[in-house]
Amino acid sequence: EEQFVESGGGLVQAGGSLRLSCAASGFTVDDYAIGWVRQAPGREREAISCISSVEDTLWYADSVKGRFTISSDNAKNTVYLQMNGLKLEDTAVYFCAADTWCDILVDQVASKVVDSWGQGTRVTVSS
């Protein structure tokens with residue numbers, strides 16, 4: 001069974017840092033575009049970052065560009081999201097998703113086509 005297990009969330013003060021992990025099983029992260037998606041309270045899910053070894057691509061939403069860094073460890077079959085300079089508006093539940101290409105992943109999330117999600121990991125940024 002293909003699945004993600006997200007972890008690393010928590011409570012952090014504004015300006016602080018967290019590193020989220022997304023451990024994959026049932027498939028190899030290096031073969032897919034893997035994205036981080038978040039859902040803030042009362043808002044729709046939004047893709048915020050994507051990594052694809054196949055495309056040699058790193059993508060970031062404008063809202064996180066320059067503050068967040070996505071990376072992968074193929075040996076651990078895990079994708080990470082290093083989050084620095086956290087803001088109140090980064091408060092959300094963070095999920096992972098996979099697709100063939102990063103642009104397809106972003107479109108699928110925006111179109112609400114993705115209907116299967118892991119448990120996510122909650123990030124709460126306080127003032």
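This one's a predicted model, so the numbers in the text were calculated from it and none came from an experiment.
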Name the residue from Asp90, Val123, Thr121 that meets the side-chain contact (heavy atoms from CB on, under 4.5 Å) definition with Arg38. Asp90
Check each of Thr124, Val125, Thr91 against Val12 using the side-chain contact (heavy atoms from CB on, under 4.5 Å) test, and report the only one that passes. Val125
For the CZ atom on Phe68, are there more than 12 heavy atoms of other groups (residues, nucleotides or ligands in this structure) within a distance under 6.0 Å? yes
Is there a side-chain contact between [X] and [Y] in this structure, where contact means two heavy atoms from C-beta onward sitting under 4.5 Å apart?
{"X": "Asp31", "Y": "Val54", "result": "no"}
{"X": "Ile70", "Y": "Val79", "result": "yes"}
{"X": "Gln13", "Y": "Leu86", "result": "no"}
{"X": "Tyr94", "Y": "Trp36", "result": "yes"}

Measure from the side-chain N and O atoms of [X] to the backbone N and O of [Y], and report whether any donor-acceptor pair falls under 3.5 Å.
{"X": "Asn77", "Y": "Ala23", "result": "no"}
{"X": "Gln108", "Y": "Lys112", "result": "no"}
{"X": "Ser21", "Y": "Tyr80", "result": "no"}

Does the pair Leu11 and Arg122 meet the rule for a side-chain contact (heavy atoms from CB on, under 4.5 Å), with working shown? CA-CA 8 Å; Leu11 175 64; Arg122 185 176 299 275; over 6 Å; no
Do Leu20 and Ile48 belong to the same hydrophobic cluster, where Ile, Leu, Val, Met, Phe, Trp and Tyr are linked whenever their side-chain heavy atoms lie under 4.5 Å apart, directly or via other members? yes
Residues Ser72, Asp30; criterion side-chain contact (heavy atoms from CB on, under 4.5 Å); working and verdict: CA-CA 8 Å; Ser72 65; Asp30 201 37; 5.6 Å; no
